[in-house]
2 protein chains.
Amino acid sequence: MNNRRVRFIVAYDGTYYHGFQTQDNPALPTIQDQLQLAIKTLTNEEVTITCAGRTDAGVHARGQVIDFATSSRIPDEKFHLAMNSLLPKDIAVINAVTVHDNFHSRFHALGKHYRYSIYNNTIPSPFHRYYTYQIYPKLNRDAMFAGARAFVGTHDFSAFCAAGTSVKNFVRTIWHCEITEPEEGIFQLDIMGNGFLYNMVRIIAGTLIDVGKGKIEPSQLERIIQSQKRALAGTTAPPQGLCLIKVWYNELDFPFTLS
Amino acid sequence: MNNRRVRFIVAYDGTYYHGFQTQDNPALPTIQDQLQLAIKTLTNEEVTITCAGRTDAGVHARGQVIDFATSSRIPDEKFHLAMNSLLPKDIAVINAVTVHDNFHSRFHALGKHYRYSIYNNTIPSPFHRYYTYQIYPKLNRDAMFAGARAFVGTHDFSAFCAAGTSVKNFVRTIWHCEITEPEEGIFQLDIMGNGFLYNMVRIIAGTLIDVGKGKIEPSQLERIIQSQKRALAGTTAPPQGLCLIKVWYNELDFPFTLS
């Protein structure tokens, strides 16, 4: 009798995991396995959790969202604390709430915010190595800042999708795509949209890095998007720079106008 | 023929190391071993490096200073880059300069800046776990801020020194000791002085945390210092919160008045 659906907001350092999703090989550690194991220890139930976005191996999250059905009576305000006492230190449940029975983390998401972080300095940083992509040659800041704007809007993003996806519709809307430099030599690409194709943020990041290197002109980006050809876009930036920051469900706290 | 003395500024994530200093058991990885190995690969010389402050296992540095004699002709401006191509990613040489032959990283240091970082939140943070001491019960911010001032001045710090030291003189001068809260729930203890006893910063941090927990009143700290009794001070805070930020050598860039 699963008489309740619970939603967690979860943060994790993805460095040591083979991505969010349970792998065919049970020896490969995943975020999903760790969460399900902790839930089982607490509730004595074998649950299968659903998440908002299946992050790849090495990708991080500050605001991943998961949901599952349970008959547990652990109160919302204690559920996350009980989980954190069981989870490894690289995974934390930020909060827990009981949601309506039909809630689905992925299908009901209005939009997501991803951040890709780049450390651009001739000297590597021991403290940023797991959370940024370290690039030594100086990137052209202005060219990257200008290039980021090209991605905003509703486009067919076929050129920014890795092969091997089963998706049929490649049209997505990007509301916000901006690069900032919060500290000298640290670039943050913040991208918010209604959905993301497989590796889409990492290919956009890699393409903007190619812009920063002078391999691609910012003015070419519009045509690269229109081409729908993966080969014309840049390389896929490595996973450790990527973090899922937030998922929006509630129109009330949603900063964009849904089209 | 060692005809040149070179000084490096070194940053490292101490998580995986048994401290800075080479251990009797050569299987235990240390920062010193890694640096000497990279220097040997570059110069073909077996050097013994000297450092400004021998950090313990798990302690980090952003501005450790080391020096060594070499006959290598690698130019200063390329030495650190060559080192970084050989070092593991958790150690980086920030810069390299040739100094006068008598320079000594430890004996010539005018002062040092250490920072101890505390993450005080009911929810643990996967991203701060290696670089802060995570404490869940809410600490009394105002009491800790007030308590930090007690350490400023020239004192016998016997009460804040771990047993087993060969030091005879326990008098040190602390120029600056302040706790700030740069982000909500993150406390930083910044402490600058002319020298530090074994575990001194970690015992001061642990004592101020006991102040934050209400176990010690800020007004008691002066008497605890005067007592010179280790048992009256607080616990030793764990290593991962500690970082050696900077070492001063040159009176020109030195922010304090030397007494």
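So that the names make sense, note that chain A is the first sequence line, chain B the second, and so on, each numbered from 1. Every heavy atom of this structure was used, including side-chain atoms; hydrogens, water molecules and symmetry mates were not.
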Q: Would you find more than 12 non-hydrogen atoms of other residues, nucleotides or ligands less than 6.0 Å from B:Asn25 atom CG?
A: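 Buried by this count: over 12 neighbours within 6.0 Å.
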Q: Counting only heavy atoms not in A:Glu46, do more than 12 sit closer than 6.0 Å to its CD atom?
A: no
Q: Between A:Asp90, A:Val93, A:Thr122, A:Asn95, which residue shows the highest count of heavy-atom pairs closer than 4.5 Å to chain B?
A: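 Among the listed options, the one with the most contacts to chain B is A:Asp90.
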Q: Please name the pair of heavy atoms, one in B:Lys89 and one in A:Arg129, separated by the smallest distance, quoted to 0.1 Å.
A: O-CD, 3.2 Å
Q: What distance separates A:Phe127 CZ from B:Arg62 CZ, expressed to the nearest 0.5 Å?
A: 5.0 Å
Q: Tell me, yes or no, whether the heavy-atom count around A:Arg5 atom CZ, taken from other residues, nucleotides or ligands under 6.0 Å, exceeds 12.
A: yes
Q: Under the rule for side-chain hydrogen bond (donor to acceptor under 3.5 Å, both in side chains), what residues qualify as partners of B:Ser85, not counting sequence neighbours?
A: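 Here no residue qualifies.
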Q: Closest heavy-atom contact between A:Ala92 and B:Ile123?
A: CB-CG2, 4.5 Å
Q: Near A:Phe103 CZ, under 6.0 Å, is it more than 12 heavy atoms from other residues, nucleotides or ligands?
A: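 Atom CZ in A:Phe103 is crowded, with more than 12 foreign heavy atoms closer than 6.0 Å.
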Q: Under the criterion side-chain contact (heavy atoms from CB on, under 4.5 Å), which of B:Leu87, B:Ile91, B:Asn84 is the partner of A:Pro124?
A: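 Exactly one candidate clears the test, B:Asn84.
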Q: Out of curiosity, A:Ser125 OG to B:Ile94 CD1, how far, rounded to the nearest 0.5 Å?
A: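 The CD1 atom of B:Ile94 is 7.5 Å from OG of A:Ser125, to the nearest 0.5 Å.
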